[in-house]
S.K.: 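Pasting a structure here, questions to come.
Order of appearance sets the numbers: ligands from 1, and atoms from 1 within every ligand.
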Amino acid sequence: MFTELQKRIEAVCHRAGRDPAEITLVAVSKGHSAAEIEAAILRFGHRILGENRVQEWREKAKQLPNIDWHFIGNLQSNKVKHCTGFSLIHSLNSKRLATVMEEQGQKRNHCFRVMIEVNISGEASKHGLPPSDVAELLHYTQSLPHVEVCGLMTMAPYATNPESSRPIFRALRELRDKLQLKELSMGMSGDFEVAIEEGATYIRVGSALFNQGDKTPT
Ligand SMILES: *Cc1c(COP(=O)(O)O)cnc(C)c1O
């Protein structure tokens, strides 16, 4: 539930000595209808949503005006041209994709704001660059006037214990510091509290907002 989540964010900020204003909640609305999104998120006044499929997003964007949309999925090059409606794309993961963004950005007079997605854990199933390749991609984007890298994003491997995400988040923060970037997009329903403790500036939370089981506080 939305208010429950906000309380948890405030509590962990308080414990960690962080200002809640430093953390942007991207409410992940993938797989949910406009009506469900309205009931679970928008009626609380929250307007920042994340989607992971371009086609699904295009349908929803028609029904839901005045949203600050974020793209969090794996982006195919042929879909980049549709993505100027996202204020931030969390998943730049190749030079090729950056090149396509530059071409489309030039054509449409749009600067794509992005995070570089990093595969810290090295899991084969995860998208994202190995940490050792990030500096090179960042350097490449600095020659592209229509692509602005704001920070780094990662997904921790699925685990029942949120503490197992901590070394992943810490490694992402260290890489961000080394590259002198500003933002860190990390933490989902199962591990956003650890992510905030480790310095997240964007958290991407989906199921905790829609899960009916969360309605009764435990
Ligand atoms: C689905 C998704 C999330 C949200 O995950 P939950 O566990 O539902 O909070 C966050 N980030 C990405 C990239 C996702 O695909």
S.K.: Of Lys30, Arg204, Lys79, Lys60, which meets salt bridge (charged side-chain N to carboxylate O under 4.0 Å, His left out) against Glu51?
M.R.: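 Running salt bridge (charged side-chain N to carboxylate O under 4.0 Å, His left out) over Lys30, Arg204, Lys79, Lys60 with Glu51 returns exactly one hit, Lys60.
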S.K.: Name the closest protein heavy atom to atom 9 (O) of ligand 1, giving the residue it belongs to and the distance to 0.1 Å.
M.R.: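 Among all protein heavy atoms, the one nearest atom 9 (O) of ligand 1 is Ser189 OG, 2.5 Å.
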S.K.: For atom 12 (C) of ligand 1, grab the closest protein heavy atom and report residue, atom and distance to one decimal in Å.
M.R.: Ile72 CD1, 3.6 Å
S.K.: So does Asn161 have more than 12 non-hydrogen atoms from other groups sitting under 6.0 Å from CG?
M.R.: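 Buried by this count: over 12 neighbours within 6.0 Å.
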S.K.: Provide the number and element of each atom of ligand 1 under 4.0 Å from a heavy atom of Ser207.
M.R.: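 Near Ser207, the atoms of ligand 1 are 6 (P), 7 (O), 8 (O), 9 (O).
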S.K.: May I ask you to list the atoms of ligand 1 that are less than 4.0 angstrom from any heavy atom of Arg204?
M.R.: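 Atoms satisfying the 4.0 Å criterion: 4 (C), 9 (O), 10 (C), 11 (N), 12 (C), 13 (C).
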S.K.: Is it the case that over 12 heavy atoms from other parts of the model lie below 6.0 angstrom from the CD atom of Glu136?
M.R.: no
S.K.: Can an N or O of Gly206 be found at a distance shorter than 3.5 Å from an N or O of ligand 1?
M.R.: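 It does: an N or O of Gly206 is found under 3.5 Å from an N or O of ligand 1.
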S.K.: Of the side chain and backbone of His90, name the one, both, or neither that has a heavy atom under 4.0 Å from an atom of ligand 1.
M.R.: neither
S.K.: Evaluate Lys30 for polar contact with ligand 1, using N/O atom pairs at a separation under 3.5 Å.
M.R.: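 N/O-N/O distance below 3.5 Å exists for this pair.
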S.K.: With a sphere of 6.0 Å drawn around NE2 of His14, does it hold more than 12 non-hydrogen atoms of other residues, nucleotides or ligands?
M.R.: no
S.K.: Check each atom of ligand 1 against the heavy atoms of Val205 and keep those under 4.0 Å away; list them by number with element.
M.R.: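 In order of number, 9 (O).
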S.K.: I'd like to know if the side chain of Gln63 pairs up with that of Glu59 as donor and acceptor (distance under 3.5 Å, no hydrogens or angles considered).
M.R.: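 No donor-acceptor contact under 3.5 Å links the two side chains.
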S.K.: Checking side-chain polar atoms at under 3.5 Å, does His127 have a donor or acceptor matched by the opposite partner on Glu117?
M.R.: no
S.K.: If you count heavy atoms of other groups shown closer than 6.0 angstrom to CZ of Arg18, is the number above 12?
M.R.: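 Buried by this count: over 12 neighbours within 6.0 Å.
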S.K.: Looking at Met155, which atoms of ligand 1 are within less than 4.0 Å of one of its heavy atoms?
M.R.: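 Contacts of ligand 1 toward Met155, numbered from 1: 13 (C).
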S.K.: Can you tell me the protein heavy atom closest to atom 10 (C) of ligand 1 and the distance?
M.R.: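 Among all protein heavy atoms, the one nearest atom 10 (C) of ligand 1 is Met188 SD, 3.2 Å.
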